[in-house]
Amino acid sequence: EMLINTWLQEDLAARPGDEIDVRYYVMSAGRSLIERTHRFRVRGIVPMAGLAADADLMPDYPGFADAENCRDWEPGVPIDLDRIRDKDERYWDEHRGTPKAFINLATGRRLWGNRFGELTAIRYPAGTDTRDRIASAFRDRLDPAAVGFSFQPVRERALAAGGQGLDFGQLFLGFSFFLIAAALLLAGLLFALSVEQRAEEIGTLLALGFRPERVRRLMLLEGGVLAIAGACVGTAVGALYTRAILYGLGTLWRGALGVSSLQYHAEPATLAIGFSAGVLTALATLALSVRRCARRPAATLLSGSAVTDPTAVSTRGSRLGRAVAWPAFGLSAVILAHNAWRGERSSAGAFFAVGGLLLIGGLGLAHALLAARGRTDRPERITLTRLASRNAARRRGRSLATLGMLACGSFLLVAVGANRHGPPDEPDRRSSGTGGFALFAEATLPIPHDLNTAAGRDAYGLTAEQLEGVSIVSFRVREGDDASCLNPQRAQVPRLLGVDPAALQSRGAFTFVKTAAGQSDRGWNLLSRAATASGDTVPAIGDEATVTWGLHKKVGDLIPLADEQGRSF
């Protein structure tokens with residue numbers, strides 16, 4: 001029901017009991033306006049006096065309040081200004097925005113309430129006491145979150161993001177392990193070769209009466225000085241090289257990381273470990289090589305044949321190589337089968353574990369083959385290939401070190417190349433990583449109009465020919481933390497995208513890797529599921545890499561967020 005003033009009663013010749021249809025707009029998705037009609041029954045007529053004649057009942061809307069005449073209105077919604085009559089103009093001049101009809105507050109809230117609120121103004125009776133009581137009540141009861149002000153624990157959230165971030169150090173260490181192993185093998189091989197080249201010198205010292213222990217100390221002292229000097233130079237150059245790379249990543253190659261700044265940081269313990277590893281490797285290699293040489297007779301060393309392996313059949317070396325190779329290969333197969341059984345498509349730990357086991361197994365198998373090739377108890381025709389293989393088998397230590405260096409370097413190259421992902425082979429397929437979409441566009445300002453409709457295209461000056469055969473799926477964005485691989489920290493408030501599930505379900509866009517149990521066939525309709533009984537849980541679908549690495553979550557986990565009014569969901 002409604003009450004109308006005398007001006008409207010005369011204009012419509014309405015009487016109590018008559019019905020009046022009121023047409024109005026309501027906001028729908030995408031800020032589009034939908035016209036609706038509601039029928040009211042006239043309950044009575046009120047005179048244009050007192051409260052019913054108060055022009056301040058209508059708030060000062062921009063585009064209305066400052067207009068001198070009705071035809072100057074700029075309300076921002078469709079209004080047919082040509083239908084304004086002279087009598088309407090006179091009413092505006094005399095009464096401005098004084099309402100012509102009054103309805104029940106509950107009815108007004110039900111018809112015109114939206115996400116922006118249900119009231120346009122609140123009136124209180126005049127008076128100093130009333131004003132003071134109202135101000136006090138507002139201070140006591142007003143919730144800042146209800147009007148868009150919310151307090152965020154910025155420091156705690158930043159510390160949590162940094163403390164729970166993805167530890168790239170472990171990933172880099174895994175990649176660098178094989179490079180470090182190759183470097184240590186190279187250092188050891190160089191010192192071992194230096195001892196072999198000085199076998200005659202060692203034989204001369206032994207022939208002159210030097211005890212083997214004294215020869216070993218002499219060689220270790222000399223090699224230790226060189227190892228320490230080289231480790232000092234390598235540590236300093238390594239630190240400078242790291243600084244240069246970080247400078248390049250922060251300036252010339254900033255786009256590769258997307259971060260504002262990178263700072264060099266090195267722990268003294270890290271430098272000490274690198275320094276000690278190089279020195280100890282050199283000293284250990286020297287000690288073993290010199291000990292092996294010093295145990296041989298001086299005459300044998302002076303003849304230059306001390307560095308050759310025994311010519312007897314090396315059955316023990318062959319058995320040792322096989323004993324290392326087959327368990328390593330078997331364990332790598334077990335790890336791969338376990339990952340396949342658990343449905344894990346990618347695991348950094350399994351990748352490096354299997355790679356390391358294959359490397360160990362390959363070296364063990366090479367050791368067995370070299371040992372078998374070193375047999376001299378069977379005659380065979382000498383060819384260039386057999387001569388090369390027999391020569392490699394003579395010095396298995398040197399050959400295995402060379403194999404190990406090449407294997408580590410090859411593994412590192414293959415690992416880096418395997419983890420570089422390019423665009424999908426068929427980007428136009430709906431099941432691909434692009435969802436079959438040809439273009440992804442992001443706007444700084446909202447696009448409230450539907451570009452799939454003629455009216456929406458006209459609003460942006462687009463013609464039907466320009467968008468012929470093009471369909472567009474719109475998303476609403478709730479900004480948040482970057483959860484991509486460009487952010488090494490863990491996103492505390494991830495960015496959300498709102499979409500009509502039917503728009504993606506009908507297209508079969510993207511491929512689902514994992515869903516909740518028993519719901520693998522629902523696809524995007526999973527978003528249509530009603531919230532839980534508590535009413536505060538919203539279903540969401542996430543990108544696999546982002547959920548796994550950026551958020552450290554899995555299917556079924558919860559992410560606590562807050563809406564514009566501070567309410568948790």
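- Looking only at distances, a side-chain donor or acceptor of Asp543 sits under 3.5 Å from a matching main-chain atom of Thr546.
- In this structure, the side chains of Arg430 and Phe437 come closer than 4.5 Å at one or more pairs of heavy atoms.
- Residue Arg36 comes nearest to Val26 through the heavy atom pair NE-CG2, 3.6 Å, listed as atom of the first residue, atom of the second, then distance.
- Scanning for side-chain hydrogen bond (donor to acceptor under 3.5 Å, both in side chains) contacts around Arg429 gives Glu426, Ser431, with sequence neighbours left out.
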Enumerate donor-acceptor pairs with a distance under 3.5 Å from any side-chain N or O in residues 497-508 to protein atoms, sequence neighbours excluded.
unit_1, atom_1, unit_2, atom_2, d
Asp500, OD1, Ala502, N, 3.3
Gln505, OE1, Trp524, N, 2.7
Ser506, OG, Ala502, O, 2.9
Ser506, OG, Ala503, O, 3.4
Arg507, NH1, Ala503, O, 2.6
Arg507, NH2, Ser471, OG, 3.2

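- Contact check for Arg243 versus Leu246: no side-chain heavy atoms found under the 4.5 Å cut-off.
- The OG1 atom of Thr537 sits 12.0 Å away from the CD1 atom of Ile559 when rounded to the nearest 0.5 Å.
- The only option from Val279, Ile273, Leu271 that meets the side chain to side chain contact (heavy atoms under 4.5 Å, CB included) definition with Phe275 turns out to be Val279.
- Atom CZ of residue Arg478 and atom CG of residue Leu496 lie 5.5 Å apart, to the nearest 0.5 angstrom.
- Here the shortest heavy-atom pairing between Leu527 and Ala540 reads CD2-CA, 3.8 Å.
- Residues passing the ring-ring contact (aromatic ring centres under 6.0 Å, His included) test with Tyr264: none are found, sequence neighbours excluded.
- Remark: aromatic rings of His449 and Tyr460 are close, center separation under 6.0 Å.
- For Leu551 against Arg490, the heavy-atom pair with the smallest separation is O-CD, 3.9 Å.
- One distance of note links CG of Leu467 with CZ of Arg457; it measures 6.0 Å at 0.5 Å rounding.
- Residue Leu358 comes nearest to Phe329 through the heavy atom pair CD2-CD2, 3.8 Å, listed as atom of the first residue, atom of the second, then distance.
- The backbone N or O of Pro494 sits nowhere less than 3.5 Å from a side-chain atom of Asp481 that would complete a donor-acceptor pair.
- Put simply, CG on Leu365 and NE2 on His367 are 11.5 Å apart, with the number rounded to the nearest 0.5 Å.
- The salt bridge (charged side-chain N to carboxylate O under 4.0 Å, His left out) test applied to Arg109 returns Glu118, not counting sequence neighbours.
- Residues Val470 and Asn452 have side chains not in contact (no heavy-atom distance under 4.5 Å, counting atoms from C-beta outward).
- Within the 3.5 Å criterion, the main-chain N or O of Ala407 finds no donor-acceptor partner in the side chain of Ser410.
- Counting heavy atoms from C-beta on, the side chains of Val473 and Phe475 come closer than 4.5 Å.
- When side chains are defined from C-beta on, Leu363 counts as touching Leu403, because their heavy atoms get closer than 4.5 Å.
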| field | CA sep, side-chain torsions, deciding dist, call: Ile103, Val22, side-chain contact (heavy atoms from CB on, under 4.5 Å) | value | CA-CA 12 Å; Ile103 66 170; Val22 176; over 6 Å; no

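- In this structure, the separation between CG on Leu280 and OG1 on Thr285 is 10.5 Å, given to the nearest 0.5 Å.
- When the side-chain hydrogen bond (donor to acceptor under 3.5 Å, both in side chains) test is applied to Asp428, no partner is found at least two apart in sequence or on another chain.
- Considering every non-hydrogen atom in both Leu357 and Ala328, the closest pair reads O-CB, 3.4 Å.
- Separation of atoms OH (Tyr61) and OG1 (Thr120) is listed at 4.5 Å; rounding is to 0.5 Å.
- Taking 4.5 Å as the limit, every side-chain heavy atom of Asp21 sits out of range of all side-chain heavy atoms of Phe40.
- The shortest heavy-atom contact between Met27 and Leu33 is CA-CD2, 4.3 Å.
- Contact annotation: the side chain of Leu111 approaches that of Tyr24 to within less than 4.5 Å [non-hydrogen atoms, C-beta and beyond].
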| request: Evaluate the salt bridge (Lys or Arg N to Asp or Glu O under 4.0 Å) criterion for residues Glu442 and Arg495: first the C-alpha distance (whole Å), next the side-chain angles of each, then the deciding distance (0.1 Å), finally the verdict. | output: CA-CA 14 Å; Glu442 185 173 354; Arg495 173 177 166 183; 3.4 Å; yes

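- In this structure, the side chains of Arg110 and Thr107 come closer than 4.5 Å at one or more pairs of heavy atoms.
- Checked against side-chain hydrogen bond (donor to acceptor under 3.5 Å, both in side chains), Thr548 has no partners two or more places apart in sequence or in another chain.
- In the displayed structure, Glu468 atom CD is contacted under 6.0 Å by at most 12 heavy atoms of other residues, nucleotides or ligands.
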| message | Please determine whether side-chain contact (heavy atoms from CB on, under 4.5 Å) holds for the pair Ile335 and His338, giving the CA-CA distance in whole Å, both sets of side-chain angles, and the decisive distance to 0.1 Å. | response | CA-CA 5 Å; Ile335 296 176; His338 179 263; 5.7 Å; no

